[in-house]
Protein chains: 2
Amino acid sequence: MSSCDTCVVRNRAICSGLNDGEIGALNTLGRRRNVVAGEPLIWEDDDSLLVANVIEGVLKLTTSTEDGREQIVGVAYPSDFIGRPFGQTSSASVVALTDARVCVFSRNDFDRFAREHPGLEHKLLERTLAELDRTRSWMMLLGRKNASEKIATFLLEMSERLAESGCAPVLGPAKRFTLPFSRQQVADVLGLTIETVSRQFTKLKNDGVVELPTRRDVEIVDRPALVAMAG
Amino acid sequence: MSSCDTCVVRNRAICSGLNDGEIGALNTLGRRRNVVAGEPLIWEDDDSLLVANVIEGVLKLTTSTEDGREQIVGVAYPSDFIGRPFGQTSSASVVALTDARVCVFSRNDFDRFAREHPGLEHKLLERTLAELDRTRSWMMLLGRKNASEKIATFLLEMSERLAESGCAPVLGPAKRFTLPFSRQQVADVLGLTIETVSRQFTKLKNDGVVELPTRRDVEIVDRPALVAMAG
DNA sequence: AGTCGGCGTTGACGGATGTCAAAATACCAA
DNA sequence: TTGGTATTTTGACATCCGTCAACGCCGACT
């Protein structure tokens, strides 16, 4: 039996552009792989050897300078596609933030298969265009927003992205959620230092806008205030 | 006679994925349009009504906050594709920086045509993936680089992008070029203020790294220094 | 040529955020 | 529970860059 038959992201990932026969063919090329939190899957500037669909978990895409500064340039959730097809090298590293399960393909196999299946390429194109939109709006945040606007925008985005994963019908943004990021990683997403992130979180807590029961859990108490802060 | 026959970007734009018959069909959907410097072509958050290929000139893609802050999130050169196919709204405004000539299509027409021509969609996918790579490396700049690193990186990128336009065989980065940006626009690309940009330019000039014969012209005198500064 | 207006430069100053260091807290394993 | 470690928080201080204001330059137009 094809493992695609039981895949929870079958209807949301780029595979949804394929019929049953095509899925079967693609299935022979890919394999499931578990990645534990903190483990890298793809290295920046390495030959782009593999691509993958995220089945479960959250991964970060990062770029780094030689002197060790890091910027998180993307976050991959279940059903997202990662890796760089049709190119020699990957421009970002991919590292699991939580334990994750992915469906990996060799880049060469995937490229060949995709070129023969326009439906798959179309889904990938739609996804890539959407990711580009999202990335561009993040550039606005990085270039033009101050620390408190960055934090507010970040928390609102998290409450939306982390709610989407459920299959429930349109439940809206989550009021309470668990961040897949450490404070340092939040800083790496927002182009801030860990100290600034920490101070901003403390301020939001003191102002009664959010509650922070643990290091990773967030409860949004005053969403309108957050929206106003996000700018 | 099809205007595509004489199009200077015919072999570099996404149209290069089409044969002569297909080009003829696409040609009936599109029309040439001139855009004068400063004129907008697409508005942020508007219904995405048109897409286009850039034939000549340079255009900026921008996003803005309600209170008027602006971030340039992309720059389109000849042969680049602009607009948002397969989506309802565009996430960025497009405004000409120089007088420009574009080949525009209604989004609906283009979407329909693209879905029927996988070769075109493939070219668009490759272009979108490359643009996403470029955008991500720009996020690193916005989030983690300081003013002098930003300026150095910017000038090096300009010297490469502005050299590419020629048909000459691999002439390498330009030593001397004319910026399509005002100082304010450079600031909007880099997430800085016009004053900081101006001071950094002056410093580079005083240090003998560049010469600035006019407000728009740049000559790179000490490229290795610039590369070292770019981080 | 003279004048006007936009753009760019320069200076003085302040504040937001980074840096460095220490303390506190949460998490984990025994 | 307890101890140990990594993470986070907090504080003091430094600095880079933004803000505000004045001035200068260059091109356009009469």
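In what follows, chains carry the letters A, B, and so on, assigned in the order in which the sequence lines appear, proteins first and then strands, with residues in each chain numbered from 1. Just so you know, these numbers use all the heavy atoms, side chains as well, and skip hydrogens, waters and symmetry mates.
- Using a 4.0 Å cutoff to heavy atoms of chain B, the contacted part of DNA chain C runs 5' to 3' from dG6(C) to dA12(C).
- Look at NZ on Lys150(B): it is 12 Å from C1' on dG18(D), rounded to the nearest Å.
- A donor atom on one side chain and an acceptor atom on the other are found under 3.5 Å apart for Thr178(A) and Asp217(A).
- Backbone-only contact: Arg183(B) has heavy atoms under 4.0 Å from sugar-phosphate atoms and none from a base.
- Between Ser182(A) and Gln200(B), the residue anchored closer to the 5' end of DNA chain D is Ser182(A), taking for each the nucleotide with the nearest heavy atom.
- For the pair Asp47(B) and Arg107(B), the minimum side-chain heavy-atom distance is 4.5 Å or more.
- Taking for each of Arg199(A) and Pro213(A) the nucleotide of DNA chain C with the nearest heavy atom, the 5'-most of the two is the partner of Arg199(A).
- At a cut-off of 3.5 angstrom, counting only N and O atoms as typed in the model, there is a donor on one side and an acceptor on the other between the side-chain of Arg215(A) and the base of dT7(D).
- Here dT19(D) is the nucleotide among dT19(D), dT8(D), dT10(D) with the atom lying nearest to any side-chain atom of Thr193(B).
- Between Phe86(B) and Phe110(B), the ring centre distance reaches or exceeds 6.0 Å.
- A salt bridge is absent between Arg183(B) and Asp188(B): the closest approach of a Lys/Arg side-chain nitrogen to an acidic carboxylate oxygen does not fall below 4.0 angstrom.
- Summary of the strand contacts: Lys205(A) and Arg144(A) both lie near DNA chain D, and taking for each the nucleotide with the nearest heavy atom, the more 5' one is attributed to Lys205(A).
- The CD atom of Gln184(A) sits 14 Å away from the C1' atom of dT9(D) (whole-angstrom rounding).
- Remark: P of dT7(D) and CG of Leu97(A) are 14 Å apart, rounded to the nearest angstrom.
- In this structure, CZ of Phe201(A) is placed 16 Å from P of dT7(D), rounded to the nearest angstrom.
- Atoms CG (Leu212(A)) and P (dT10(D)) sit 11 Å apart, rounded to a whole Å.
- Arg223(A) approaches Leu156(A) most closely through the heavy-atom pair NH1-CD2, 3.5 Å.
- Checked against dC17(D), dT8(D), dA21(D), the side chain of Glu195(B) finds its nearest nucleotide in dA21(D).
- Looking only at side-chain heavy atoms (C-beta outward), Leu132(B) and Thr128(A) come within less than 4.5 Å of each other.
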